[in-house]
Amino acid sequence: MRVFLLYCFISLTAFSQTIQFKSSIIDKETKEPVAYANISFLESDRGISSNEDGTFSLEIDKKMLKDKVHISCLNYKDTIVNAFALQNKNLTMQSKNEVLNEVVISKKVDKEFVIDNYKRKNIKSTFGGSQSSPWIVAKYFKYKKEYDKTPYLKEIIVYFGSMLGRKKSKFRIRLFKIDKDSGKPSEDLTRENIIAFSRKVDGKVKINVFKYDIEFPKEGFFVGLERIHIPYNFYEYTYTKNGSRKKYIAKAVAPNFGAVYTKDTINVFVGGKWRKHYLSQDFYKGNSIQPAISVTLSN
């Protein structure tokens, strides 16, 4: 009997063995660490983000070392490698080396215009997140003739959802051009790494983008909210199911981005590509939802 039990233990261990998948991501030219890069397994929903020092660690099933991993980060070319080639080694990422437009340091502001100025009552749901994999959710802003008098992007205002998901956390703002063929987000409008912080107090944060001298594109543009999967953003909460007093523990990633009703579909970047994301309209009274984001324009 002891021999049989020992055999069962060894067999279960062999088939359920987990390891720490870890590495360090650095810039190919400068050898500096690449912070907040997103690492996603293409054949599953597992992923993580690199820390400020470029390192990351994720517990995975050992057999996942045979899978492909997609690494993406602002200003760098996307990279796809086999997980085993990344394990316990440094990965170098190649900068895009794009030519930047000259930035205007200061301008006089006489006029402002706010697109989609929300109130708390407008927030109907949230874009929460488990600790499984990082992603980006984007909202499209269409160009209108009335914006000509205030053509420059001044502020991005991001609204948050429940108090639970408003714990102090970091996330990245992305500003994307639109791909004319697919209608999905494409290139970044700025190479600046815009890291924002969530707020508990009033449930929103304003990010100043005026210094980047970005004029509202005639084709429109996307504002993307990029979730960063680092321990700083992780938290746990307890909940109960209907008809039960038993408490369960869930692991999540802050912040919970506020969401408003829309008739449109939204774009989500997950698993290394942009996808049209369709949400169940029954749950939202015949609507879908999109991230609650306002944009302030100025002259």
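Just so you know, residue 1 is the first one in the sequence shown, and it goes up from there. Computed from a predicted structure; not experimentally measured.
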Problem - Any donor-acceptor N or O pair under 3.5 Å, side chains N38, S49 - result: yes
Practice task
Taking the six-membered ring for Trp and the single ring otherwise, decide whether the centroids of F84 and F21 are under 6.0 Å apart.
Solution key: no
Problem - Y36: ring pair (Phe, Tyr, Trp, His ring centres under 6.0 Å) partners, not counting sequence neighbours - result: none
Handout entry: Spacing of S169 atom OG and Y235 atom OH [to the nearest 0.5 Å]
Key = 9.0 Å
Problem - Salt-bridge contact D116-K139 (side-chain N to carboxylate O under 4.0 Å) - result: yes
Handout entry: More than 12 heavy atoms from other groups under 6.0 Å of NZ on K184
Key = yes
Exercise for the section: Quick one: name the residues clustered hydrophobically with I80, using the 4.5 Å side-chain heavy-atom rule over I, L, V, M, F, W, Y, and just say none if it's on its own. Expected result: L42
Practice task
For the residue pair F221 and F141, categorise the inter-ring angle as parallel (less than 30°), tilted (30 to 60°) or perpendicular (more than 60°).
Solution key: parallel
Exercise for the section: Return the set of residues passing ring pair (Phe, Tyr, Trp, His ring centres under 6.0 Å) with F222 (not counting sequence neighbours), or none when no residue passes. Expected result: Y140
Exercise for the section: Answer yes or no: are there more than 12 heavy-atom neighbours, outside K177 itself, under 6.0 Å from its atom NZ? Expected result: no
Exercise for the section: Please answer: with hydrophobic residues joined when any side-chain heavy atoms are less than 4.5 Å apart, are I136 and F127 in the same cluster? Expected result: no
Exercise for the section: May I ask you to list the residues sharing a hydrophobic cluster with I157, side-chain cutoff 4.5 Å, ordered by chain and number? Expected result: Y118, I123, Y159, V260
Completion exercise
Residues at least two apart in sequence or cross-chain that pass side chain to side chain donor-acceptor pair (under 3.5 Å) with N90, listed by chain then number, are none
Problem - ring pair (Phe, Tyr, Trp, His ring centres under 6.0 Å) against Y76, all qualifying residues, sequence neighbours excluded - result: none
Practice task
Name the orientation class of the two ring planes belonging to Y237 and Y239 (parallel below 30°, tilted from 30 to 60°, perpendicular beyond 60°).
Solution key: tilted
